[in-house]
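Read the structure below first, then the notes.
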Amino acid sequence: MKVVALGGGHGLAASLSALRHLTRDLTGVVTVADNGGSSGRLREELGVLPPGDLRMALAALCGDDEWGRTWAGILQHRFSSDGPLKDHAVGNLLIAAIWDQLGDHVAGLDLVAELLGAQGRVLPMAAVPLDIEAEVHLRSAPDRLTVVRGQSQVASVDGQVVSVRLDPLDPPACPEAVTAVKDADWVTVGPGSWFTSVMPTLLVPELRDALVSCTANRILVLNLGEQAGETEGLTPTDHLEVLGAHAPELGLDVVIADTSLVDPRGNLEAAARALGARLVVADVALSPGSDQHDPIRLAAAFSRAMKQA
């Protein structure tokens, strides 16, 4: 079973951690718009793709043996100092160093995956670094739309995000990522930061076209709640409507939602049907009220959805 998971950050890591229990033919396709922290500094200084979300995806695919756990910890380790290395993640530096040696983003990521014994492959969604621009109703100016630029700036905006776009608008997709989507049996989208990790994966034209036209079944995993700043005030139904507005031609087959998200009036189920999907409801949170998905519970929800196809 060939599975491709799209997204970024902790959300994609949760999906990959779950899906690796179901298949070894697994590919993570990762957003490359981060402009903050260690990733932003390396991107600006070296002109490379921001490595942070790619690093997290690789760490999620590390094996459960001592080798895998050791390397996952090394990748995620951050330096604590008052100098230039402050807050740099070791994995970001390793990936950037290999890219510098090989001059090829995909070959570099494949080499890191081989070193880690990763149970799957990690690819960037685009071949160039991207920027995110959002139209926002700021709290300080609620009656007009303001353009906010930069992933980290949009993620922490004090207001309501209405829509996002990429700069450049038509970036070159990673060819290997496009091929992976076309060849997949299942493609998953989400969870994750809705406007800065999930929506961007639907805005690279060639990748979106592959997602729309592929024969794979498409699963969307909803977040466990709203995110301060980015999606504050949005209901689970609103999240689906945002996706429909950004990729109106994209149909879904399954929407996975935690039991805490389901409303008694059936609005969420109706919103899923409007996108062509059936709603699969399951306990997928680490604990009641948690904003993190439990990989084992999410794996069970994926398995259930796939068996019912």
Taking ring-ring contact (aromatic ring centres under 6.0 Å, His included) as the definition, give me every residue that meets it alongside H137, ordered by chain and number, with sequence neighbours left out. none
For residues 240-250, which side-chain N or O atoms pair as donor and acceptor with protein atoms under 3.5 Å away, sequence neighbours left out?
residue	atom	partner	partner atom	Å
H246	ND1	V242	O	2.9
H246	NE2	V164	N	3.1
E249	OE2	R208	NE	3.0

Taking everything shown except H10 itself, do over 12 heavy atoms lie less than 6.0 Å from its NE2? no
Rounded to the nearest 0.5 Å, what separation is found between the CZ atom of R55 and the CG atom of L116? 12.0 Å
Which residues share a side chain to side chain donor-acceptor pair (under 3.5 Å) with R278, sequence neighbours left out: Q308
Can you get from L16 to W67 by hopping between Ile, Leu, Val, Met, Phe, Trp and Tyr side chains that sit under 4.5 Å apart? yes
Does a side-chain heavy-atom distance below 4.5 Å link L224 with H293? yes
Shared-cluster residues of L123, by chain and number - hydrophobic side chains joined below 4.5 Å: V106
What distance do T237 atom OG1 and N267 atom CG have between them, rounded to the nearest 0.5 Å? 5.0 Å
Between D158 and R139, is the closest basic N to carboxylate O distance under 4.0 Å? yes
Assess whether atom CZ of R149 is packed by more than 12 heavy atoms of other residues, nucleotides or ligands within 6.0 Å. yes
Listing request: all salt bridge (charged side-chain N to carboxylate O under 4.0 Å, His left out) pairs with a residue in residues 28-51, at least two apart in sequence or in separate chains. R43-D131
Do the non-hydrogen side-chain atoms of V29 and C174 ever get within less than 4.5 Å of each other? no
With sequence neighbours excluded, residues passing side chain to side chain donor-acceptor pair (under 3.5 Å) with T70: none
Interatomic distance, L166 atom CG to M125 atom CE [nearest 0.5 angstrom]: 5.5 Å
Any heavy-atom pair between the side chains of L49 and P129 that's under 4.5 Å? yes
Answer yes or no: does atom CD of E232 have more than 12 heavy-atom neighbours from other residues, nucleotides or ligands under 6.0 Å? yes
Begin with the C-alpha distance, continue with both residues' side-chain angles, and end with the deciding distance and a verdict on side chain to side chain contact (heavy atoms under 4.5 Å, CB included) for V187 and L6. CA-CA 7 Å; V187 178; L6 279 68; 3.5 Å; yes
By the definition side-chain contact (heavy atoms from CB on, under 4.5 Å), identify the one residue from I95, V32, L130, N35 that meets it with P50. V32
Quick check on Q292: does its CD atom have over 12 non-hydrogen neighbours (other residues, nucleotides or ligands) under 6.0 Å away? no
Distance check, rounded to the nearest 0.5 Å: D263 atom CG versus L268 atom CG? 6.0 Å
So if you build clusters from Ile, Leu, Val, Met, Phe, Trp, Tyr with side-chain heavy-atom gaps below 4.5 Å, do M56 and L115 land together? no
Cluster check V212, L202: I/L/V/M/F/W/Y, side chain < 4.5 angstrom: yes
Looking at residues at least two apart in the chain, or sitting in another chain, which of them share a side chain to side chain donor-acceptor pair (under 3.5 Å) with D209? none
Enter the distance from L298:CG to S15:OG here, rounded to the nearest 0.5 Å. 5.5 Å
Do any pairs count as a side-chain hydrogen bond (donor to acceptor under 3.5 Å, both in side chains) and have a residue in residues 179-194, sequence neighbours left out, and if so which ones? S193-Q227
Applying ring-ring contact (aromatic ring centres under 6.0 Å, His included), name anything that partners H105, two or more places apart in sequence or on another chain. W99
Could you pull out all residues at least two apart from D258 that satisfy side chain to side chain donor-acceptor pair (under 3.5 Å)? S260
Indicate whether any N or O donor in one side chain lies under 3.5 Å from an N or O acceptor in the other, for N92 and S38. yes
How close do G108 and I98 get, counting heavy atoms only, and between which atoms? CA-CG2, 3.6 Å
side-chain contact (heavy atoms from CB on, under 4.5 Å) partners for P172, two or more places apart: A127, V128
The side-chain contact (heavy atoms from CB on, under 4.5 Å) partner of I219 among D253, I256, V280, V255 is I256
Determine whether F302 and V3 make a side-chain contact, defined as any pair of heavy atoms from C-beta on separated by less than 4.5 Å. no
Drop me the distance from W71's CH2 to L58's CG, to the nearest 0.5 angstrom. 11.5 Å
If we ignore hydrogens and angles and just use 3.5 Å, is the side chain of R20 paired with the main-chain N or O of G120 as donor and acceptor? no
Shared ILVMFWY cluster between I74 and F79, side chains joined below 4.5 angstrom? yes
Tell me, do L22 and M1 make a side-chain contact under 4.5 Å, heavy atoms counted? yes
Tracing side-chain contacts under 4.5 Å among Ile, Leu, Val, Met, Phe, Trp and Tyr outward from L145 reaches V162
